Amino acid sequence: MASTPLSAADSVQPLPSMADLRQWETPYADALERHAAREPLTLMVPGHGGDELGLSARLAEFFGTRPLQLDLPMLVDGVDLGDDSPLSRSLELAADAWGARRTWFLTGGASQANRIAALAVRGLGENILSQRSAHSSFSDGVLSAGLAPSFVMPSLDTAHGVAHGVSPDSLDAALTAAASAGRPADAVYVVTPSYFGAVADVAGLARVAHAHGAPLIVDGAWGPHFGFHPGLPESPARLGADLVVSSTHKLGGSLTQSAMLHLGDGPFAEALEPLVERAVSITASTSTSALLQASLDIARHSLATGAELIGRSIAAADAFRAALRTDPRFGVLSDGFGAFDDIAAVDPLRVVVDVSRTGVSGHWLRQRLADADGIFFEMSTATTLVALIGAGKTPDLERAHRALAAAVDSADAHAERSSADTHPFPALPEPGPLRMLPRDAFFAGTELVTAADAVGRVSADTLAAYPPGIPNLIPGEEITAQTAAFLQAVAASPSGYVRGAVDPGVARFRVTLAS
């Protein structure tokens, strides 16, 4: 692929019809309001009773009385009971909005959705092929379900320590290799969009997975807004994905910890639907938050009817990128996405600022902006800052640009440049062989050994070096000398750390006694 900037419009799919006036409805939220309007005397949970009296006074002072009035328990007539309840109608509207066969509201975030997906596909078989840069919640699901994983590596921008996605060709090669090794995949798991706004070819990935007889799970946690404006990529459910994890609160406007799981209407839908339903039942709370579910209902309505506002958000983000391009101190990371064959489009609501020319660490700059200016970027790497613009929001990005420039030109930045670490990380090592199932290794007896003694032993932990955040070890994998050296080199760098390590310097590893 030529090294040219990509825009979201490069892979725009036809929008779902917005002629359906039902998308203006909010059945579940309306039902909560009707219930609250009755001014009920509640002799049931929750204990705050829906009012500001007694011990609830401080809670009402903090939140106001409205959240307490709307905070209903489950199983209330006229709210969530029955096949045609307001909650059921809200779920149907959500499925229609994202192009799914069925949708579940979740109050445990996308982490719950990832665990559900792993548990569900275990009903199809134990072998799963996963993008190596999967979220830790999916790794937890693999462990809980007793899945046997094999992996496909995402493309890497080694200059910035950034992991992107997987191309259809890479997936096909990995699936073919897994089948040749006698472990054909029963399901496939990929991540798109990435933390940095790179969008994979979901339609192509779905075709490849289906050709190999496997459903495609898409961790679309960072793309809940996809499909709701012509300048955005399409919803993965409409592109052939069989399960789509959607962290609605991230850019879709619902309350923190609320999410959705969408079941696509593809060749595996009949088999997956009861498996997902059972997995939902064993991971969900029996005291599901009405407030979080109502926020999902309202967020769906806002996205489905908010194309004009979303367009303003895209325009604001485009203006921010344009300003950065004219500033010699900064760059825009997505301008180089054309060099990666796995990237089919870009999320325009993610602006990744390349700060490599400033000579200061992105981590330092992010903290400086938070402390001095009250400006909070989503995340940072050694060379980037990630700005996230919520769908339909237009934050003051000119202020952000001014603060960036001032911070880079400050005396503190000069001191930071003088002490900056300039040693590059070693090359990313290949994973060691999987000698035990992750579940078996996790529950095995363990001991702590030195890094030297850990080589050739089986890891009981998941360790991931940042950057780029790809798990370098999972439970059950053999620890190689290259992996141990890589993790220690990252841990020793001022701009790196290893998540899951027993100690900050990775001097010791937790290994299974059986290895």
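One is the number of the first residue; the rest follow in order along the sequence. As the structure is a prediction and not an experimental result, all values here were calculated from the model.
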Given side-chain contact (heavy atoms from CB on, under 4.5 Å), test L385 with L369 step by step and report yes or no.
-> CA-CA 11 Å; L385 285 175; L369 292 167; 4.0 Å; yes

Where does the angle between the aromatic ring planes of Y189 and F138 fall among parallel (under 30°), tilted (30 to 60°) and perpendicular (over 60°)?
-> parallel

Looking at CZ of R325 and CZ of F330, how far apart are the two atoms once the value is rounded to the nearest 0.5 Å?
-> 14.5 Å

Once you round to the nearest 0.5 Å, how far does CG of L119 lie from CG of N114?
-> 11.0 Å

List the steps and the verdict of side-chain contact (heavy atoms from CB on, under 4.5 Å) for R457 and D453.
-> CA-CA 8 Å; R457 302 286 297 275; D453 290 337; 5.8 Å; no

Run the numbers on E378 and W222 for side-chain contact (heavy atoms from CB on, under 4.5 Å), then give the verdict.
-> CA-CA 12 Å; E378 170 63 27; W222 290 96; 3.3 Å; yes

Considering only heavy atoms from C-beta outward, does the side chain of F509 approach that of L473 to under 4.5 Å?
-> yes

Spell out, as yes or no, whether a donor-acceptor pair under 3.5 Å connects the side chain of E478 to the backbone of P433.
-> no

Minimum heavy-atom separation for Q131 to P154, with atom names?
-> NE2-CB, 3.9 Å

Flag if over 12 foreign heavy atoms under 6.0 Å of CZ, F377 = yes

Begin from the C-alpha positions of D354 and S356 and carry the test side-chain hydrogen bond (donor to acceptor under 3.5 Å, both in side chains) through to its verdict.
-> CA-CA 6 Å; D354 180 354; S356 57; 2.7 Å; yes

Looking at OG of S139 and CZ of R115, how far apart are the two atoms once the value is rounded to the nearest 0.5 Å?
-> 10.5 Å

Between R132 and F151, is NZ or CZ placed under 6.0 angstrom from the six-membered ring centre and within 45° of the ring axis?
-> yes

Between D297 (side chain) and A29 (backbone), is there a donor-acceptor pair under 3.5 Å?
-> yes

Flag side-chain contact, heavy atom, 4.5 Å: F442 against M436 | no

pair L261-V245: side-chain heavy atoms closer than 4.5 Å = yes

Is a side-chain donor-acceptor pair under 3.5 Å present for H249 with S254?
-> no

Closest non-hydrogen atom pair, H262 against A100 = CB-CB, 3.8 Å

Under a 4.5 Å cut-off applied to non-hydrogen side-chain atoms, are P149 and L434 in contact?
-> yes

Backbone N/O of D140 and side chain of S144: donor-acceptor pair under 3.5 Å | yes

Residue pair H401, D327: steps toward the side-chain hydrogen bond (donor to acceptor under 3.5 Å, both in side chains) verdict = CA-CA 10 Å; H401 186 191; D327 189 326; 3.0 Å; yes

Heavy-atom closest pair (A221 atom, S247 atom, distance to 0.1 Å) is O-CB, 3.2 Å

Is there a donor-acceptor contact under 3.5 Å from the side chain of R510 to the main chain of L448?
-> no

Minimal non-hydrogen separation, P233 against V199, with atom names = CG-CG2, 4.0 Å

Any donor-acceptor N/O pair, T480 side chain to T483 backbone, under 3.5 Å | yes

Show the numbers, then the answer: is there a side-chain contact (heavy atoms from CB on, under 4.5 Å) between L404 and T358?
-> CA-CA 10 Å; L404 274 167; T358 67; over 6 Å; no

Rounding to 0.5 Å, atoms CD (Q482) and CG (N472) come to a distance of 12.5 Å

Would you call D409 and R329 a salt bridge, using N to O less than 4.0 angstrom?
-> yes

Which heavy atom in S246 sits nearest to a heavy atom in P224, and how many Å separate them?
-> OG-CB, 3.4 Å

Donor-acceptor contact below 3.5 Å, side chain D242 vs main chain L216 | yes

Taking the side chain from R399 and the backbone from I375, do they hold a donor-acceptor pair closer than 3.5 Å?
-> no

L333 and D157, any side-chain heavy atoms less than 4.5 Å apart = yes

Say whether, by atom type as modelled, one donor and one acceptor occur between the side chain of R207 and the main chain of G240 under 3.5 angstrom.
-> no

For A441 and G476, which heavy atoms make the closest approach, and how far apart are they?
-> CB-N, 3.2 Å

Which distance, rounded to the nearest 0.5 Å, do you find between the OG of S235 and the CG of L303?
-> 11.0 Å

Compute whether any side-chain donor of one residue and acceptor of the other, for S361 and H363, lie under 3.5 angstrom apart.
-> no

Please check if any side-chain donor atom of D412 sits under 3.5 Å from a side-chain acceptor atom of S410, or the reverse.
-> no

Do S289 and Q257 touch side chain to side chain, with heavy atoms closer than 4.5 Å?
-> no

Do E447 and V511 have side chains that get closer than 4.5 Å, going by heavy atoms?
-> yes

Side chains of D342 and S170 in contact at under 4.5 Å (non-hydrogen atoms) = no

To the nearest 0.5 Å, what is the distance between OG (S302) and CG (L309)?
-> 9.0 Å

